[in-house]
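Numbers for residues simply follow the sequence, beginning at 1.
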Amino acid sequence: YSTALEYFLRLLKPDSPYYRDILLMLSRTYFAIGKKVGKKQYLWQALNYLQLYFIAMGDRELPWDYYYMKARIYESLGFYEQSLAIYRVAFLKAKTEKERIKTTVGIIRTAVWVRRPDVVEEYYILISTAKLSPEEEREVEFVRGLMLFSRGDYKKALPHFLKVYRKYENYLIDNPEYYFLVAENIYRVGNLTLAEQLL
């Protein structure tokens with residue numbers, strides 16, 4: 001990410017035909033760094049570049065990428081209400097099945113945090129019948145565990161979280177804050193040794 005950042009910043013010139021694309025890529029890169037290192041200043045920087053992208057777009061229609069990225073940044077900053085609202089706009093902007101699935105997973109995740117079971121149920125139906133890629137499957141598996149965890153049903157959440165931990169651990173590595181949730185769930189069902197290993 002650091003190398004990508006260096007190249008993008010070097011190419012960032014307002015007269016460049018790629019100016020808008022570079023702003024969006026800078027936002028994604030700062031977001032990825034922020035998620036990886038767990039420092040919010042990178043997330044705020046990602047939001048700043050996204051705002052510059054919004055300005056640079058002028059009267060042009062904003063793509064799905066813009067709304068999805070903005071929702072993800074707000075979610076990572078802990079502004080779940082705002083994130084949920086933006087994810088729902090992104091859902092309307094989605095043009096492909098992949099975009100719809102990614103957005104739906106984001107909607108469910110944030111709806112769990114803001115305790116909106118009605119929204120969780122409404123959108124969960126949409127992905128429960130969808131054909132998922134391996135990447136989407138790991139996200140959906142985590143969301144299934146998260147839904148049960150939020151209801152306090154830790155025993156039912158455990159198989160989903162353990163599957164993510166054993167089969168899709170790089171998903172947890174890419175989202176380190178989720179390690180804490182998995183560890184907390186394992187702790188609540190009484191496996192203190194494994195919970196300690198995760199923390």
A.B. asks: Do the charged groups of Glu141 and Arg144 touch, with an N to O distance under 4.0 Å?
C.D. replies: yes
A.B. asks: How far apart are the closest heavy atoms of Val105 and Glu139, and which atoms are they?
C.D. replies: CG1-OE1, 3.5 Å
A.B. asks: Heavy-atom distance under 4.5 Å between the side chains of Tyr68 and Glu99, does that happen here?
C.D. replies: no
A.B. asks: Partners of Glu6 by side chain to side chain donor-acceptor pair (under 3.5 Å), sequence neighbours excluded?
C.D. replies: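 So Glu6 forms a side chain to side chain donor-acceptor pair (under 3.5 Å) with Arg10.
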A.B. asks: Which residues satisfy the side chain to side chain donor-acceptor pair (under 3.5 Å) test with Lys36, sequence neighbours excluded?
C.D. replies: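 Lys36 satisfies side chain to side chain donor-acceptor pair (under 3.5 Å) with Asp174 once adjacent residues are dropped.
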A.B. asks: Could you pull out the closest heavy-atom pair between Glu75 and Tyr80, with the gap in Å?
C.D. replies: O-CE2, 3.4 Å
A.B. asks: If every non-hydrogen atom of Leu43 is compared with every non-hydrogen atom of Lys35, which pair is closest and at what distance?
C.D. replies: CD2-N, 4.3 Å
A.B. asks: Do Asp65 and Arg28 meet the salt-bridge criterion of a basic N to acidic O distance under 4.0 Å?
C.D. replies: yes
A.B. asks: Looking at Asp153 and Arg151, is any side-chain nitrogen of the basic one under 4.0 Å from a carboxylate oxygen of the acidic one?
C.D. replies: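 No, this pair does not count.
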A.B. asks: I'd like to check the ring-ring contact (aromatic ring centres under 6.0 Å, His included) partners of Phe8; sequence neighbours left out, ordered by chain and number.
C.D. replies: none
A.B. asks: Grab the two heavy atoms, one from Ala130 and one from Glu97, that are nearest each other, plus how far apart they are.
C.D. replies: CB-OE2, 4.1 Å
A.B. asks: Could you tell me if the side chain of Pro63 sits less than 4.5 Å from the side chain of Met57, heavy atoms only?
C.D. replies: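 Yes, their side chains come closer than 4.5 Å.
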A.B. asks: Are Ile127 and Ile108 close enough, and set up right, to give a side-chain contact (heavy atoms from CB on, under 4.5 Å), and what steps lead you there?
C.D. replies: CA-CA 10 Å; Ile127 55 166; Ile108 294 168; 3.6 Å; yes
A.B. asks: Taking the side chain as every heavy atom from C-beta outward, state whether Ile55 and Gln51 have any atom pair closer than 4.5 Å.
C.D. replies: yes
A.B. asks: Side-chain contact, heavy-atom cut-off 4.5 Å: Ser27 with Tyr53?
C.D. replies: no
A.B. asks: Tyr123: which residues meet the ring-ring contact (aromatic ring centres under 6.0 Å, His included) condition with it, sequence neighbours left out?
C.D. replies: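 With sequence neighbours excluded, Tyr123 shows a ring-ring contact (aromatic ring centres under 6.0 Å, His included) to Phe91, given in chain and number order.
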A.B. asks: OH of Tyr1: more than 12 outside heavy atoms within 6.0 angstrom?
C.D. replies: no
A.B. asks: Hey, does Arg109 have a side-chain heavy atom less than 4.5 Å from the side chain of Tyr87?
C.D. replies: yes
A.B. asks: Tell me, yes or no, whether the heavy-atom count around Glu81 atom CD, taken from other residues, nucleotides or ligands under 6.0 Å, exceeds 12.
C.D. replies: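 No, CD of Glu81 has 12 or fewer neighbouring heavy atoms, counting only those of other groups under 6.0 Å.
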A.B. asks: Verify whether one side chain among Thr103 and Trp64 offers a donor that lies under 3.5 Å from an acceptor in the other.
C.D. replies: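 Indeed, the side chains of Thr103 and Trp64 share at least one donor-acceptor pair under 3.5 Å.
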A.B. asks: Does any non-hydrogen side-chain atom of Leu146 lie less than 4.5 Å from one of Trp113?
C.D. replies: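 Counting from C-beta outward, Trp113 and Leu146 do come under 4.5 Å.
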A.B. asks: With the 4.5 Å side-chain cut-off for hydrophobic clustering, are Val112 and Leu126 part of the same group?
C.D. replies: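 Yes, Val112 connects to Leu126 through the hydrophobic network.
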A.B. asks: Sequence neighbours left out, what passes ring-ring contact (aromatic ring centres under 6.0 Å, His included) with Phe142? Give chain and number order.
C.D. replies: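 Partners of Phe142 under the ring-ring contact (aromatic ring centres under 6.0 Å, His included) test: Phe161, Tyr171, Tyr178.
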A.B. asks: Apply ring-ring contact (aromatic ring centres under 6.0 Å, His included) to Tyr49 and list each qualifying residue two or more places apart in sequence or on a separate chain.
C.D. replies: Tyr30
A.B. asks: I want to check something: taking the side chain as every heavy atom from C-beta on, are Val182 and Val164 in contact at a cut-off of under 4.5 Å?
C.D. replies: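 Result no, sub-4.5 Å side-chain heavy-atom pair not found.
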A.B. asks: For Ala71 and Ser83, work out which heavy atoms get closest and say how close.
C.D. replies: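 Shortest heavy-atom contact: O-OG, 2.8 Å.
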A.B. asks: Linking I/L/V/M/F/W/Y whenever their side-chain heavy atoms sit closer than 4.5 Å, directly or via other members, would Leu92 and Leu84 fall into one cluster?
C.D. replies: no
A.B. asks: With a 4.5 Å limit on heavy-atom distance, are the side chains of Leu12 and Leu23 in contact?
C.D. replies: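 Leu12 reaches Leu23 side chain to side chain.
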